[in-house]
Asks: 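Structure provided below as structure tokens; questions to follow.
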Amino acid sequence: MKAQTAAAAADHSGVKWYVRRILANARADDSAVVSGFTVGLFFTLCGLYTFVTILLPTPPGFRTGWVSAIAMTAVVFGLVVMALPWDVVPRLVRLAIAPSAMTLIALHNIAAGTDGFRYGMFFFMVFLWLGLCEPRGISLAMGPFLAAAYLVPLAADGASDSDLSSLSYTMPLYLTVGEVLAWRTQRLRRLQNRLQQLADHDALTGLPNRAVFAAALRRHCVSPDPVAVLFLDLDGFKQINDRLGHAAGDEVLVTVAEVLRGHTRAGYADLPCRLAGDEFVLLLPNTGPDEARMVADRLVQLLAAEHAADGTPIRGSVGVAAGRGLDAAALLASADEAMYAAKQSRRAA
């Protein structure tokens, strides 16, 4: 009884793991995961449809047992493929699915009586996947496999020259669908990446913006590792804007951004961001307060070596806050307060 209970629990756990994997892949943005999940879904749908074709009127030579076995193979293969971690699977393994799919289509064509109207859809699904999910040129590279998978069943069935010559219009059709889709998908993906870049980055400096910083800070604050925030506010920036104009002020902001980018530490996931106006932050993961102050002192020195258009040195006040397991908003507020304290001290001096 205990053994049966343990087996049932293991089965239930396996089903839960599989469902989690499927849902994770279905929601993923990684292009490799999207491609792997899509081809797995197409395999499953085509396998299920193949079962439906058994119930429809069939052509001469239709072998129900063979077709059922091929349909089951497609469904099982598709269900497995949908759950694989495609972000770590080599790209060639994923692309090898296309020749495998066309081999299975060829076997189906032999078993189903070489009815072109019946099996032509499956070739279309292969190139629909390649066009939607893979780069341009992949569909063309699959041309030889398409030709073999299309012609071998016809030749094995003793098809006429007229039937064999149908490849001259079906093959260009499939390849065109794949390549045109890949071209359009590539353009849409570039546009999407551009929109994402605009949404996540400051247009002037190119640094990540407040939203990106806030999300990263929340992630690090819930981890057990220490995290530090450097809050930088430029001194005298308004005077530079008033005296030299906004263009010169923008040049100063761009210079500060370049200094922040160059001040990130090798081997660390330091994140420089522009919050607003002349306010910048530098997120320092796995960093305690002492090391964070050293980074802040070095940052002030690097800024002092830079100058505005009229030769005025660029100066800034930096506040430091660090800890572990802190509230993200409280940590940023502490860094902000420390920055104002440093600014007051500089003015008093």
Asks: Can you give me the closest heavy-atom contact between L275 and F231, atom names plus distance?
Replies: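 Reported closest heavy-atom pair: CD1-CE1, 3.7 Å.
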Asks: Would F77 and I97 count as a side chain to side chain contact (heavy atoms under 4.5 Å, CB included) if you check the C-alpha gap in whole Å, the side-chain angles of each, and the deciding distance to 0.1 Å?
Replies: CA-CA 10 Å; F77 183 79; I97 294 177; 4.2 Å; yes
Asks: When you compare the side chain of L303 with that of L232, does any pair of heavy atoms fall below 4.5 Å?
Replies: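 Yes, their side chains come closer than 4.5 Å.
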Asks: Could you walk me through whether D233 and S317 pass side chain to side chain donor-acceptor pair (under 3.5 Å), step by step?
Replies: CA-CA 5 Å; D233 185 85; S317 299; over 6 Å; no
Asks: Quick one, T64 and S68 - any side-chain contact, counting heavy atoms below 4.5 Å?
Replies: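 Answer yes - side chains close enough.
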Asks: Using a 3.5 Å distance criterion without hydrogens, assess whether the side chain of R324 forms a donor-acceptor pair with backbone atoms of P224.
Replies: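 Pair found, side chain donor or acceptor close to backbone of P224.
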Asks: Hey, can you tell me if Y150 and F123 have their rings parallel, tilted or perpendicular (30° and 60° cut-offs)?
Replies: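 Tilted.
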Asks: Quick one: list whatever passes side-chain contact (heavy atoms from CB on, under 4.5 Å) with L204, sequence neighbours left out.
Replies: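 Here the qualifying residues are D202, D250, L253, V254, R274.
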Asks: Any idea which heavy atoms bring N209 and A199 closest together, and the distance?
Replies: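 Minimum heavy-atom contact is ND2-O, 2.8 Å.
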Asks: To the nearest 0.5 angstrom, please state how far the CZ atom of F127 sits from the CG atom of L132.
Replies: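 It comes to 13.0 Å.
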Asks: Can you confirm whether D310 is buried at CG, in the sense that more than 12 heavy atoms of other residues, nucleotides or ligands lie under 6.0 Å from that atom?
Replies: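 Buried by this count: over 12 neighbours within 6.0 Å.
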Asks: Where the side chain of Y18 meets the backbone of L79, is there a donor-acceptor pair that is under 3.5 Å apart?
Replies: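 Answer holds: yes.
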Asks: Nearest 0.5 Å, please: how far is CG in D161 from OG in S166?
Replies: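 Going from the OG atom of S166 to the CG atom of D161 covers 11.0 Å.
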Asks: Ignoring hydrogens and angles, tell me if any N or O in the side chain of W129 forms a donor-acceptor pair with the backbone of S35 under 3.5 Å.
Replies: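 Side chain of W129 to backbone of S35: a pair is present.
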Asks: Could you tell me the separation between the CD atom of E291 and the OH atom of Y268, rounded to the nearest 0.5 Å?
Replies: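 Going from the CD atom of E291 to the OH atom of Y268 covers 4.5 Å.
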Asks: Provide the closest heavy-atom pair for M171 versus G143 in the form atom of the first, atom of the second, distance.
Replies: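 Taking M171 first and G143 second, the nearest heavy atoms are CE-O, 3.2 Å.
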Asks: If you measure from CG on L326 to CG on L332, what distance do you get to the nearest 0.5 Å?
Replies: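 It comes to 12.0 Å.
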Asks: For A328 and C221, work out which heavy atoms get closest and say how close.
Replies: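 Distance-wise, the nearest heavy atoms are CA-SG, 3.7 Å.
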Asks: Does V320 share a hydrophobic cluster with Y340, counting links as ILVMFWY side-chain heavy atoms below 4.5 Å and allowing steps through other members?
Replies: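 Shared cluster, no.
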Asks: Are S139 and E134 side-chain neighbours, meaning at least one heavy-atom pair lies under 4.5 Å?
Replies: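 The answer is no; the side chains never approach within 4.5 Å.
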Asks: Output, in order, the C-alpha distance, side-chain angles, deciding distance and verdict of side chain to side chain contact (heavy atoms under 4.5 Å, CB included) for S31 and V34.
Replies: CA-CA 5 Å; S31 59; V34 172; 5.6 Å; no
Asks: With heavy-atom distances below 4.5 Å as the criterion, would you say the side chains of T312 and R243 are in contact?
Replies: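 Heavy-atom side-chain distance check passes, below 4.5 Å.
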Asks: Hey, what do you get for CE (M102) to CG (L146), rounding to the nearest 0.5 Å?
Replies: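 One finds 6.0 Å between CE of M102 and CG of L146.
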Asks: Please check if the side chain of E306 supplies one atom and the backbone of P313 the other of a donor-acceptor pair under 3.5 Å.
Replies: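 Pair absent, no side-chain N/O of E306 close to backbone of P313.
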Asks: Would you check if W86 and V81 make a side-chain contact, meaning some heavy-atom pair closer than 4.5 Å?
Replies: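 Yes, their side chains come closer than 4.5 Å.
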Asks: Please confirm whether the backbone N or O of A182 pairs with a side-chain atom of T185, one donor and one acceptor, at under 3.5 Å?
Replies: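 No, because the side chain of T185 does not come within donor-acceptor range (under 3.5 Å) of the backbone of A182.
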Asks: Start with the C-alpha gap between R261 and L207, add the side-chain angles, then the distance that decides, and say whether side chain to side chain contact (heavy atoms under 4.5 Å, CB included) holds.
Replies: CA-CA 8 Å; R261 284 195 194 92; L207 290 178; 3.8 Å; yes
Asks: Do M82 and N25 have side-chain heavy atoms sitting under 4.5 Å apart?
Replies: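 A side-chain contact is absent here, since even the closest heavy-atom pair is not under 4.5 Å.
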Asks: Does one hydrophobic cluster hold both M339 and V227, with members joined at side-chain heavy-atom distances below 4.5 Å?
Replies: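 Result: yes, single cluster for both.
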Asks: Can you tell me how far CD of Q239 sits from CG of L234, rounded to the nearest 0.5 angstrom?
Replies: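 Rounded to the nearest 0.5 Å, the CG-CD separation comes to 11.5 Å.
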Asks: So, for A216 and L283, which heavy atoms are closest and what is the spacing to 0.1 Å?
Replies: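 Where A216 meets L283 most closely, the heavy atoms are CB-CD2, 3.8 Å.
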Asks: If we only count heavy atoms from C-beta on, is the F42 to L128 side-chain gap below 4.5 Å?
Replies: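 Side chain of F42 against side chain of L128, heavy atoms only: contact under 4.5 Å found.
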Asks: Using a 4.5 Å cut-off on heavy atoms from C-beta on, say whether the side chain of R190 contacts that of Q186.
Replies: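 Side-chain contact under 4.5 Å: yes.
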Asks: Please say yes or no: joined through hydrophobic side-chain contacts below 4.5 Å, possibly via intermediate residues, are V152 and L104 part of one cluster?
Replies: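 Unlinked, V152 and L104 end up in two clusters.
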Asks: Return the minimal non-hydrogen interatomic distance between D200 and Q196, and the atom names on each side.
Replies: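 It is OD2-NE2, 2.7 Å.
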Asks: Do side-chain atoms of H263 reach the backbone of V259 as a donor and acceptor pair under 3.5 angstrom?
Replies: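 Pair absent, no side-chain N/O of H263 close to backbone of V259.
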Asks: List the steps and the verdict of side chain to side chain contact (heavy atoms under 4.5 Å, CB included) for R265 and T287.
Replies: CA-CA 11 Å; R265 301 164 298 171; T287 304; 2.7 Å; yes
Asks: Would you say that more than 12 heavy atoms from the other residues, nucleotides or ligands in this model lie under 6.0 Å from the CD of Q192, or not?
Replies: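 No, not enclosed.
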